[in-house]
Structure formats: C-alpha cells, structure tokens
Undergrad: 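Structure provided below as structure tokens; questions to follow.
Residue numbers begin at 1 in each chain, while the letters A, B, ... track the order of the sequences. No hydrogens, no waters, no symmetry mates; every other heavy atom, side chains included, goes into these values.
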Number of protein chains: 2
Amino acid sequence: MNIYDVSRRAGVSIATVSRVLNGNPNVSEKTRTKVHAVMEELGYTPNVFARGLGLGTMKTIGIMCSDSSDPYLANAIYYLERQLRINGYDSILCCTGPFLDNKRTYFELLLSKRVDAVILAGSKFVELIDRDNDYLIEAAKELPIMLVNGYLDAPGIYSTVCDDYEAMYHVARRLIRSGRKEILYLYTSHSYSGLNKVQGYKNALSDHGIPVRRELIHQCAKDVTASRKLMEQLADSGLKFDAVMTSDDSLAVGAVKFAHIRSLAVPEELAIVGYNNSILSYCTNPEISSVDTKVEELCTTTVNTLMSVFGGGSAPAKTVIAADFIQKQTTNF
Amino acid sequence: MNIYDVSRRAGVSIATVSRVLNGNPNVSEKTRTKVHAVMEELGYTPNVFARGLGLGTMKTIGIMCSDSSDPYLANAIYYLERQLRINGYDSILCCTGPFLDNKRTYFELLLSKRVDAVILAGSKFVELIDRDNDYLIEAAKELPIMLVNGYLDAPGIYSTVCDDYEAMYHVARRLIRSGRKEILYLYTSHSYSGLNKVQGYKNALSDHGIPVRRELIHQCAKDVTASRKLMEQLADSGLKFDAVMTSDDSLAVGAVKFAHIRSLAVPEELAIVGYNNSILSYCTNPEISSVDTKVEELCTTTVNTLMSVFGGGSAPAKTVIAADFIQKQTTNF
DNA sequence: AGCCAGATTGTAAGCGCTTACAGAATAACA
DNA sequence: TGTTATTCTGTAAGCGCTTACAATCTGGCT
C-alpha cells in the first residue's frame, strides 16, 4: 500500500497525492476531498522513511537525559514529549544512565538518526570543569541544540534555565533573616545550575555579613540515605548547624530523617529546604519546604523556542525562568 | 556525504560499501579494512531514512506509557530503553498522559513511524471492562506487541507480568498470621494487575476464614493526599482497621500521613504495606514495607523476549516474574 | 471563436541505500 | 596450462516519497 495505490484509485497522479499529503495549496478543493476520501478508505499511511529521504527530515527531536528514573527528569521528559507532540514532532529518547558514561557516543547516535534537533535535559551535560563541550558546539552548527538547565555560549545552542542563583539567594536570605546563623549546604553536582545555586547561597551570606564557611558546604550523592549519613557524620564531628539547604529534594529527605533520628524539632531546631519541589518533598513528615523550579514551564519554553528557531524567527540564546519558593512544614519564616 | 563518496574514495562500488556496512560476509578482508578506514576518515554515517526505505525497518521500538513522571513507569522506561539499546535498537517514546486520553491515536502514530514493535508499559493499556482491545489484536498480526504488566491472549502479543496475585496473597497472609483482622485495601485502578492484586488479598482472607468485607476495599486516586483524606474519612465514618494494603506506594505514603495525624503507632496500631518499593517508600518515617515488583527484571525480560521473537525463536506468550516483599518499618511480622 | 494568465495536474528525476543477479577474479584441481 | 568451483565485486533495479518543470485545463477577455 503506497502512494501509487492511492493515486490510481483516486484517478490522479502521485504528485497530486503528495501535494494533498503535504497540504500544498495548489490543489483544487474537489481533488483534495477525493484524495482524502481514498486515503481514508484505503487506510493509507505514508511511509516515513521515504518521506524522510525526500525531505531530509522526519520531524523528530532527540531527547537526551542522564537518568529518566530521576523524578525531576522524568517529569521533564513528560512535558518535553507532550509539547513536542503538540507541535507535530516525535521524540527519540536516549538515557545515558546516571553516570553519563559515554554521553558523547549517545549524542552521536542521536545525530545519526537524523533528528532535527537535540534537547539535553539536565544540567549535567555541559561540562564546567574539563570543558569537553566541543562536540556540542560543533554539532550546533548543523542543528539546534537545546539545553534545559544548562548554558553554553555558542551559536546554535539555546538554553532555558531556572534562575537557580536567585532562588537560592532568596532562600538563604529568608533563613538568615529568620535568625539562622549556621546554614549547612548540601549539593549533588558541580553542574551549571549546581554552581549557580551555591553562589546564591554564598552571596546571600556575604551580603548579610555572615562568613562563608567551607566546612558547611558539602557534596553528597543524590540519595536519601547518603545525605542522612553525611549529616550524622558531620554532627558527630562537632559541626553545628541550625538549617540545611539542599540542591535536591532527595537530600532534604535525608535531612528530615537525620532530624528524626537525632530528635531535633523541625523547623525550630533545624530548618530544612529542598529543591525541585518534587513528589518526594510531599512524602515526608513534616513536608519539605522546597523550590519549585517550574519544570513544565521550562520544558514548554524550551520546545517553543525550538519551534521559533525552526520557523526562522529570532530566538533568545538564553531564557531565564523564575523559581518559586513553596513554604511547607520544614521552615517557618 | 553519502555512500558514493565512500565508494569513490575507497575505489569500490557502492554495493561493496553497503555490504561492509551490513556485515555481509562476502567481502574480502582487505576491502573490508579499506572501506572501514575510508568511512572512518570521512566520518561517514549512513542515512537512516534511505536505509529504512531499503530495509523496510529502522531498528526502532515504540514505547507507550501513560505518564513518564510516575516513578514506577519512569524506571521502566529507563530499563526498557537501556536494554533495547544494548540490543541495537532505538526507542520512540510516546506518553499518553495520565488519562490515556487517546491511547489509540498515539498507538497508530507509533505504527505510522514504522516501528518494529510496540511495548506498552503499564497495565492500564489493556481494557478489562469495555474490552476495547481490538486495535491491539489487529496490530499484533503485523508486528509484535509487548505488554509490561498487562495480559491479552492473542497471537503476536507477549506479556511479562509480575506475580501480583501471589505477592498480595503473601502479604495478606503474613498480616493475618501476625494477628491483623481488619485489613483495609486501597487500590488505584481496575487494570489487569489491579484485579490480580485484589484477588490475592481476597483469597488470602477467605483461605484464612476471614470474611471479605466490601467496605474495607476502596479505590483511590494515585496521590499522597487523596489516600490520606480517604483514610481520614473512612476512620471518621467509624470504620475500624488495623492494617492497610495498597496497590501503590503513593497510597501507602498517605497512610503514613494518616497514622501520624491520628497519632497511631506504626506498625503496632496500624500496619502499612506499599507496592512497587519505589523511592517514595524510603522517604517516609517510618519507611514503608513494600513489594518489590522487579521492574528491571520485568523490563529486561520483555526486551529479551522481543529479541527472541525477532530472531524467529519461540517466545512465551506470558512470562511471570515473582515479586519480593521488602520488610521495612511499617510492618512487624 | 481566439487568446492568455492563472490555476491545476502530470512527468520524471532524484533522495541514499539494499540486494538480486551477472560478471570478474581467484583458487583448486587435473 | 586449461577447466571449473569458489569467492568477491559491480550493475542496475527498486524502496516510496518530494518537487522542479512541463503540460493541461480553466475562465475571462477581446
């Protein structure tokens, strides 16, 4: 069943059928109706490969993420996929796994599928340390590269980021103003957004005359248990803190556990702030105050920007989206 | 840059290049090496569309799921995607959204992409009530349909399911043996696995001489808050229960919240059992005893079965995987 | 009726790859 | 060395679609 069957049956040429298929206006209303009817009758579906061959594109976007089982990224994938579909695009998903083992290989695999663009979801894709981003910059010459929560200044690369700096600054300031003096800061990675977050924390302290103490800032695996253990360890080593800010809700969950084990009143003796306002922050008791990073908005904006790039319109190289602090039960300011 | 460039540069015909590309053994070692070298040198990547046109397939599997932001499905997607990639297949993701609005349209969209098979992740895809599965059965004549946690008896449809009946029977029996008499049962949907689960619960009660009481079985939205509210409501209406079994961890989280609000000792006064052993069950205090449904095994098995279908080997129409009960802190037997 | 612009349709040449078949080269053997 | 079997390589015909260009058909006008 192909375009010839349709053309024969409709008594027109394949060119006409093709035109109908592509919504070309140079077709009389009568033929258009006729062809549509035949396509319907025959249950005809154009062959995407042939189409792709002819057009050089297949309206497909590659989505790369580290680990779709991370609740935050899972959400992102959902929204990205949905918004792409609304715009008539499909998505090929590609998860590198939590360690981004060979992200470059995966990236090239996606390119080999002749996708029309690649969306990198998650800030871990942009290297801040060894700066191994050449392949992205190179690829961006050929097709749009969209970064969700990452930033790279190069032509063809578009970023949509959450204003992590501002969010963390805001949280830290409110903690300070409500009297917290020793704010522990736990983070998971040195990504673009990771650095912005910690900078917001640091600047807020400085701006309020509080010294930034190295021993209050710690990296931790993105894991409920890991963060609890780390905090126990820190407390045991004599470190004092009356609040803890985290770069991810999972760490904050560990903090709640820590407080429970040590019988600390939350938020009175220990204020806890999560990040991403994921479902995890609603599971604990007390529920964790967290920063809503607006995943949905982030994702729809990313796709919309991409569409305007496709449309030839101008698109901002970087869009910043404001976060929202959601006060729940682990803070009291 | 196409196959002609490579053939010219390597001084062979395009047929030979194509053979090398496809690992055809009828190529001398010398030419093979030469061609590989040239491909490397030129950075040649075959055009997937042309290839798809020629072969009629593109080694791509469609994955349909309701909602990738559900932690359970998110995990499933990750494992499916990974296992497919290991076998040299790509995946096109397609999320219908939590309400499965027009799953049929999505399904056909996937077919129109000429995928080699479709994997339906999540038991909600198979209709048990209005039995609107004709399109699946019809499609299965053309390409393999794989159900993860769903079952449909038709040629070309392969299922991999968790032994939900056994798991729930086991949990209920242990609760009963440890002295629980009034076990509340909360479930989210009437899916294939949903029915098996509740049947396990019912049979365990019957087999131990406990009457199955309708007022102890309730449907509830898959939502932390919804389940808490429902339980408060039930308790307020005078219903007594000393244990609660749930068909999903999110409901169990609500149960923990309920116990906390009503100051019930867990597990002494109220035992709580979750399902899926997702990260949510590790977030609460106390941590929720839950059933590990072996997502990873489920997914790898699904893909492996699919591969053996592709390979022409025999494949079981239904594979059952045993679940594991993970005792944590909300039960004591 | 004759002519022409504009609308509509058809013809045919790709797009880059696979593969059946034919042909060339090589190896094996007498 | 000649013959044949075997291995390797090339030619050319698709796969199903898009699209430039040519051809045809309108209707409005003189």
Undergrad: Pair B:Lys34, B:Glu29 - check salt bridge (Lys or Arg N to Asp or Glu O under 4.0 Å), show working.
TA: CA-CA 9 Å; B:Lys34 173 77 184 170; B:Glu29 201 45 45; over 6 Å; no
Undergrad: Counting only side-chain heavy atoms from C-beta out, which of D:dC17, D:dG10, C:dT11 sits nearest to A:Tyr4?
TA: D:dC17
Undergrad: Using whole Å, what does the distance between atom C1' of nucleotide D:dT11 and atom CD1 of B:Ile14 come to?
TA: 9 Å
Undergrad: So if I take every side-chain heavy atom of A:Asn47 and compare against C:dT11, D:dT9, D:dC17, which nucleotide ends up nearest?
TA: D:dC17
Undergrad: What nucleic acid atoms does B:Val17 come within less than 4.0 Å of, heavy atoms only: base, sugar-phosphate, or nothing?
TA: nothing
Undergrad: Quick one: which of C:dG16, C:dT8, C:dT18 gets closest to the side chain of B:Asn22?
TA: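 Selected nucleotide (nearest to the side chain): C:dT18.
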Undergrad: Roughly how many Å is it from CG in B:Leu55 to P in C:dG16, rounded to a whole number?
TA: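 Going from CG in B:Leu55 over to P in C:dG16 covers 17 Å.
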Undergrad: What's the CG-P distance between A:Asn24 and C:dT9, to the nearest Å?
TA: 11 Å
Undergrad: Could you tell me how far apart B:Arg19 (CZ) and D:dG10 (P) are, to the nearest whole angstrom?
TA: 8 Å
Undergrad: For A:Asn26 and C:dG6, what is the distance between atoms CG and P respectively, to the nearest whole Å?
TA: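 From A:Asn26 CG to C:dG6 P: 13 Å.
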Undergrad: Kindly give the heavy-atom pair with the smallest separation between B:Ser18 and B:Ile3, and that separation in Å.
TA: N-CD1, 3.8 Å
Undergrad: It should be established whether B:Ser28 places a side-chain nitrogen or oxygen under 4.0 Å from OP1 or OP2 of nucleotide D:dT7.
TA: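 So the side-chain polar atoms of B:Ser28 never come under 4.0 Å of the phosphate oxygens OP1 or OP2 of D:dT7.
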Undergrad: Let's see if you can work this out: which of D:dG16, C:dT18, D:dC17 has an atom nearest to the side-chain heavy atoms of B:Leu21?
TA: C:dT18
Undergrad: Salt-bridged, A:Asp90 to B:Lys113, with N to O below 4.0 Å?
TA: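 Here A:Asp90 pairs with B:Lys113 in a salt bridge, since their nearest N and O are under 4.0 Å apart.
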Undergrad: Of the options D:dT18, C:dT9, D:dG10, whose atoms approach the side-chain atoms of A:Arg51 most closely?
TA: D:dT18
Undergrad: Distance check needed: D:dG16 P versus A:Asp5 CG, whole Å only.
TA: 9 Å
Undergrad: Using OP1 and OP2 only, check whether a side-chain N or O of A:Ser13 sits under 4.0 Å from C:dT9.
TA: no
Undergrad: Check whether more than 12 heavy atoms from other residues, nucleotides or ligands sit under 6.0 Å from atom CZ of A:Arg9, and answer yes or no.
TA: no
Undergrad: Between A:Tyr44 and B:Glu29, just flag the one whose closest nucleotide in DNA chain D comes earlier from the 5' side.
TA: B:Glu29
Undergrad: A:Leu53 has an atom CG; how far is it from atom P of D:dG14, in whole Å?
TA: 17 Å
Undergrad: What is the distance from CZ of B:Phe49 to P of C:dC15, rounded to the nearest Å?
TA: 16 Å
Undergrad: State whether A:Asp70 and A:Lys222 are salt-bridged, where the test is any N-O pair (Lys NZ or Arg NE/NH1/NH2 against Asp/Glu carboxylate O) under 4.0 Å.
TA: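 Yes, A:Asp70 and A:Lys222 are salt-bridged.
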Undergrad: Verify the contact: side-chain N or O of A:Thr31 to OP1 or OP2 of C:dT8, cut-off strictly under 4.0 Å; return yes or no.
TA: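 Answer no for this pair, as no side-chain N or O of A:Thr31 is under 4.0 Å from OP1 or OP2.
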Undergrad: Contact class for B:Ser18 (heavy atom, under 4.0 Å): base, sugar-phosphate, or nothing?
TA: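 Base contact.
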